Amino acid sequence: MNLSQCSHAFVTGGASGIGLGIVDAMVRRGLRVTVADIDAPALERVVSERGERIRGVVLDTRDREGWAKARAEAEAAFGPVDILVNNAGIAPNGREFADMDPVSFDRIVAINLGGVANGVFAFAQSMRERGCGHIVNTSSQAGLTASVPGVGAYAVAKFGVTALSEALRQEMAPHGVGVSLLCPGYVATNLAESTRKLGGEIRQHGGAMPPSAITPDDIGEMVAAGIEADEPFIVTHTRVWRSLEPRFDAIRAACERRDAAA
Ligand SMILES: NC(=O)c1ccc[n+]([C@@H]2O[C@H](COP(=O)([O-])OP(=O)(O)OC[C@H]3O[C@@H](n4cnc5c(N)ncnc54)[C@H](O)[C@@H]3O)[C@@H](O)[C@H]2O)c1
């Protein structure tokens, strides 16, 4: 989708980190942006620093009625949404499944997967009717490979976002609507702090990733390019392939064993 022909982007979790990087990339391309976030003070700061092209709306992405209100408000101010970025999310809790606190599991799935699905429920039908638009859903490396202990609940949610996005892409393509899956690796953001604010726990786990030089602004630019090229996957850190390859090799080997036994 050519971003120069778009006028309105709606970005969840846009008051911080990767979401804010995406907001700024959209503003640089001349779009007006609705920034939706649960953190009202952070939202106010971001909006007051950036001026008229940006509007803030306080939204908990778990709240479906909230989505309907946020959409109505956003479209009344800036017109139909061309670009939807379902990015709000929280961090892994660091617990292995045997020690899992079900409340923590439910929170991770409700925000990281349910929040994305709610965004799709709110906007996909109207984009299909208009015959244009693009949806970006933020998953993670952990939405492609669940190879480390302590990240399981998060991986469940993020694999869900991956499945949702791949299915949605097939469904929306004939109607002129693009769908991209954003899979970031480790990026320095406020993720731990935001997670604690929402009552989530953060424990050390085997999946802690090494620091990288990639910034939220870099990811904003990757997302803008990914929308322009209608990329199905926007992968930020190529090292993920090292864990994906053994996974796909094991699946291929399982198929070959079945063929050999037939
Ligand atoms: N930072 C990383 O290393 C990394 C890696 C892979 C994936 N991700 C994913 O990227 C996305 C953005 O995270 P980030 O690292 O920029 O963190 P961040 O904490 O800096 O930004 C996330 C924003 O989402 C908001 N948010 C959280 N729950 C919300 C809810 N229910 N409703 C509305 N807003 C909500 C927070 O208030 C915050 O402003 C998340 O989905 C996260 O899982 C991050």
Side-chain angles (χ1 to χ4, degrees), residues 10-25 34-47 56-67 69-70 84-93 106-119 122 136-146 148 151 153-162 164-165 180-200 202 205 207-220 222-223 233-237 239-240:
F10 187 108
V11 182
T12 71
S16 173
I18 293 170
L20 185 53
I22 297 170
V23 167
D24 285 337
T34 301
V35 185
D37 206 289
I38 198 169
D39 186 337
L43 194 55
E44 209 178 302
R45 257 194 322 275
V46 162
V47 171
V57 56
V58 178
L59 171 68
D60 179 343
T61 55
R62 290 168 288 189
D63 172 7
R64 290 188 180 142
E65 285 174 18
W67 267 102
K69 262 182 66 187
L84 169 66
V85 183
N86 287 306
N87 164 79
I90 57 171
N93 62 6
D106 289 350
R107 181 189 299 110
I108 288 171
V109 173
I111 294 178
N112 288 356
L113 174 57
V116 172
N118 289 340
V136 178
N137 294 327
T138 301
S139 177
S140 165
Q141 286 188 175
L144 300 173
T145 167
V148 282
V151 183
Y154 182 80
V156 165
K158 295 296 191 180
F159 264 71
V161 174
T162 301
L164 188 162
S165 306
S180 298
L181 182 74
L182 171 63
C183 300
Y186 175 71
V187 191
T189 64
N190 297 316
L191 190 60
E193 193 190 324
S194 312
T195 302
R196 284 196 193 95
K197 275 193 206 164
L198 285 165
I202 304 274
H205 58 79
M209 288 180 270
S212 80
I214 293 173
T215 66
D217 275 342
D218 295 333
I219 297 188
M222 291 178 202
V223 167
F233 300 102
I234 304 168
V235 173
T236 63
H237 295 58
R239 192 162 33 189
V240 67

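The structure presented is a predicted model; accordingly, all values stated were derived computationally and were not measured. Read the numbers this way: they start at 1 and go in the same order the structure lists the ligands and their atoms.
- Comparing heavy-atom distances from atom 38 (C) of ligand 1 across Asp37, Ile22, Asp39 singles out Asp37 as nearest.
- Interface atoms of ligand 1 facing Tyr154, defined by a heavy-atom separation under 4.0 Å, are 6 (C), 7 (C), 8 (N), 9 (C), 42 (C), 43 (O).
- Of all atoms in ligand 1, listed by their number and element, those nearer than 4.0 Å to a heavy atom of Leu198 are 27 (C), 28 (N).
- A side chain to side chain donor-acceptor pair (under 3.5 Å) with Asn86 holds for exactly one of Thr138, Thr12, Asn137; it is Asn137.
- Among Asn87, Val35, Leu20, the residue whose heavy atom sits closest to atom 12 (C) of ligand 1 is Asn87.
- Annotation: side chain of Ser194 is not in contact with side chain of Asp39 (no heavy-atom distance under 4.5 Å).
- Numbered from 1 in the order shown, with element, the atoms of ligand 1 that lie under 4.0 Å from a heavy atom of Thr138 read 9 (C), 10 (O), 11 (C), 41 (O).
- Remark: ligand 1 atoms within the under-4.0 Å shell around heavy atoms of Gly17 are 16 (O), 20 (O).
- Of all the atoms in ligand 1, the ones that sit under 4.0 Å from a non-hydrogen atom of Tyr186 are 3 (O).
- Ligand 1 has Gly185 within reach: a non-hydrogen atom of the residue lies less than 4.0 Å from it.
- Ligand 1 lies nowhere less than 4.0 angstrom from a heavy atom belonging to Pro216.
- The distance from ligand 1 to the heavy atoms of Ile90 drops below 4.0 Å at these ligand atoms: 43 (O).
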